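The structure appears below as structure tokens.
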2 protein chains.
Amino acid sequence: MAMTQAVEQRYTKPVLVAINKPLDEEDSLQALRSHAMFRSLRPKDLDSLIQQSRRLRLGHHQLLYRQDMPAHHFFFVISGRLRLYRLDSSGVDRTLDSIAPGDCFAEVMIYADPPRYACYAEALKSSEVLMIPVKAYRDLLDHNPEYAQAALSHYAKRAVTRFHDLEIMTVQNARDRLIRYLIDLLPNGAEEGGEVELPLPKCLVASRLAMQPETFSRILADLKSNGLIRVNRSRLLISDPQRLIAISQ
Amino acid sequence: MAMTQAVEQRYTKPVLVAINKPLDEEDSLQALRSHAMFRSLRPKDLDSLIQQSRRLRLGHHQLLYRQDMPAHHFFFVISGRLRLYRLDSSGVDRTLDSIAPGDCFAEVMIYADPPRYACYAEALKSSEVLMIPVKAYRDLLDHNPEYAQAALSHYAKRAVTRFHDLEIMTVQNARDRLIRYLIDLLPNGAEEGGEVELPLPKCLVASRLAMQPETFSRILADLKSNGLIRVNRSRLLISDPQRLIAISQ
DNA sequence: GCGAACCGTTGAGTTAAGTCAATTGTTCAC
DNA sequence: GTGAACAATTGACTTAACTCAACGGTTCGC
């Protein structure tokens, strides 16, 4: 109960009040210009969209928005890293996604009705995001139907990714879920090994994979002792992905 | 190993060879005309799309497509019910979604590159689907940018739904996952109770929720004995959803 | 530079969920 | 209609994962 109250209290705290910065540094928006949602935009339209947006600086652990809050903006990550999570009625924090520079999030809100954020978003470290008004982007699409193609392609990819995430979570045991997660972190799939960096602190990866931090730690220790991975902080060396997959039966 | 071989053997079996029927029964395509992806299409264009499509009749347990197969078509369910599932390397069957009449599936393949089905699709009972060529729909969008808007709205909704499905799966214990699943089946959310029908046989709901059929059965029996639900075959009566949510802490 | 937080790891004990097996009820094909 | 396959349930047992607790190692604020 005390927990529940704490959660509700958080709803009343103001968010989206971070310091905004002038948007004169063109170079740092290069990534934006090459994102699937924006790269087909005419410079004039993109500039107009950027003009209507605000650049936010977020500190470590700073909350950007809350679940159920009306969603008037979506976001593009310029630098840093964020995570999406939900709180359930008993206050348990469940991590759903992490977002890297060059990615968009909450962009599906463009067509939600009523538009409300489906989760919390917070900075995992000092970060910069571009806060784009949903209405501005929608207007752009409404007046330039040819732009919808690019957005469509991005949205389809997003749906595929979410489907894939769901697929991992239907794996019934913790070890195999973790192995699947690690394989997916490899840039080239399962073909060849490589070093991967966990996109989240270990305790949050655990939460993302629906297991306890202790379980996560034990599985990793076990994989390590079997020579399947090497662990250096949040960097993992996977030398033989095929063997890892074989282990997961 | 024997299992693995069986799986691979299935890959070689021909699919998509069901009997096609003439598309003269206009009435049964009414649902198609009101679907978000098609309702804004001019009659001429919709008719042309339908002309290029084939209507398939699928028998009980008949396979429609296999995971990893090149995806040249997406589908609209006219009648019956289908399920999407994946097989892992050891042959375990994991159910990912069920699809009701009036719904589309594999439609995200329009923008996949290369387009390959991400899972298996099979009929849960005798069903009819419309098999729409990906290329035909893409051409329609390419030549009529104004149509993209409708597709965009549908794709955004799809991404939101998948995100929500993922969210349920990060719930760590089987009972709470099942309760969340049941609540979501209620048409009016958690506000008032009602009777819901499981969209899948119980053993497949269990698979969808990453638990064993025995566990599913035991949890349901327990909820029943606590007066939280009434069970009649695949129909469940949820009289007090709020109490059910409270139980799941 | 020091202590307080926090993160990650490890150990010990407990519990939820999986496994195996037996039984009944249903559905379906012939 | 009958028997074979399958779906669902229940019991007994095992095990994977959770919980609680203690303990190093880092990081961060002062």
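If you're wondering where the values come from, they're calculated on a predicted model, not measured in any experiment. Residue numbering restarts at 1 for every chain, and letters A, B, ... go by the order of the sequence lines.
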In whole angstrom, give the distance that lies between atom CG of A:Leu223 and atom C1' of C:dT9. 15 Å

Nucleotide C:dT26, atom P - distance to NE2 of B:His60 in whole Å: 17 Å

Of the listed nucleotides (D:dT19, C:dA16, C:dG18), which one gets closest to any side-chain atom of B:Arg218? C:dG18

Is the closest basic N to carboxylate O distance between A:Asp68 and A:Arg86 below 4.0 Å? no

Charged N to carboxylate O under 4.0 angstrom, A:Arg233 versus A:Glu197? no

Using atom types as modelled and distance alone, determine if a side-chain donor or acceptor of B:Arg177 lies under 3.5 Å from a backbone N or O of B:Val171. yes

Which residue lies more 5' along DNA chain D, comparing B:Leu220 with A:Arg177 via nearest heavy atoms: B:Leu220

When you match A:Glu214 and B:Phe216 each to their closest nucleotide on DNA chain C, which lands nearer the 5' end? A:Glu214

Kindly point out which of C:dA21, D:dA17, D:dT26 is positioned nearest to the side chain of A:Thr215? D:dA17

Atom pair distance, as rounded to whole Å: CG in B:Leu209 and C1' in C:dG18: 16 Å

Is the shortest distance from a Lys or Arg side-chain nitrogen in B:Glu167 or B:Arg180 to a carboxylate oxygen in the other one below 4.0 Å? yes

Given D:dA17, C:dT10, C:dG8, the nucleotide with the shortest approach to the side chain of A:Ala174: D:dA17

Applying a 4.0 Å non-hydrogen cut-off, can you work out what B:Arg233 is touching in the nucleic acid: base, sugar-phosphate, or nothing? sugar-phosphate

Separation of B:Asn232 atom CG from C:dG25 atom C1', in whole Å? 14 Å

Between CG of A:Leu198 and C1' of C:dC7 the distance, given in whole Å, is 13 Å

Considering only heavy side-chain atoms of A:Gln212, the closest of D:dT19, C:dG8, D:dT9 is D:dT19

Check the distance between C:dG8's C1' and A:Lys224's NZ and give it to me in whole angstrom. 10 Å

Under 4.0 Å, heavy atoms only, any strand: does B:Gln172 hit a base, just the sugar-phosphate, or nothing? sugar-phosphate

Between atom CD1 in B:Ile219 and atom C1' in C:dT15, what is the gap in whole Å? 14 Å

Distance, rounded to the nearest Å, where A:His61 contributes NE2 and C:dA5 contributes P: 16 Å

Nearest to the side chain of A:Lys202 - D:dA21, C:dG8, C:dA17? C:dG8

Lys/Arg-Asp/Glu bridge criterion (N-O < 4.0 Å) met for A:Asp93, A:Arg83: yes

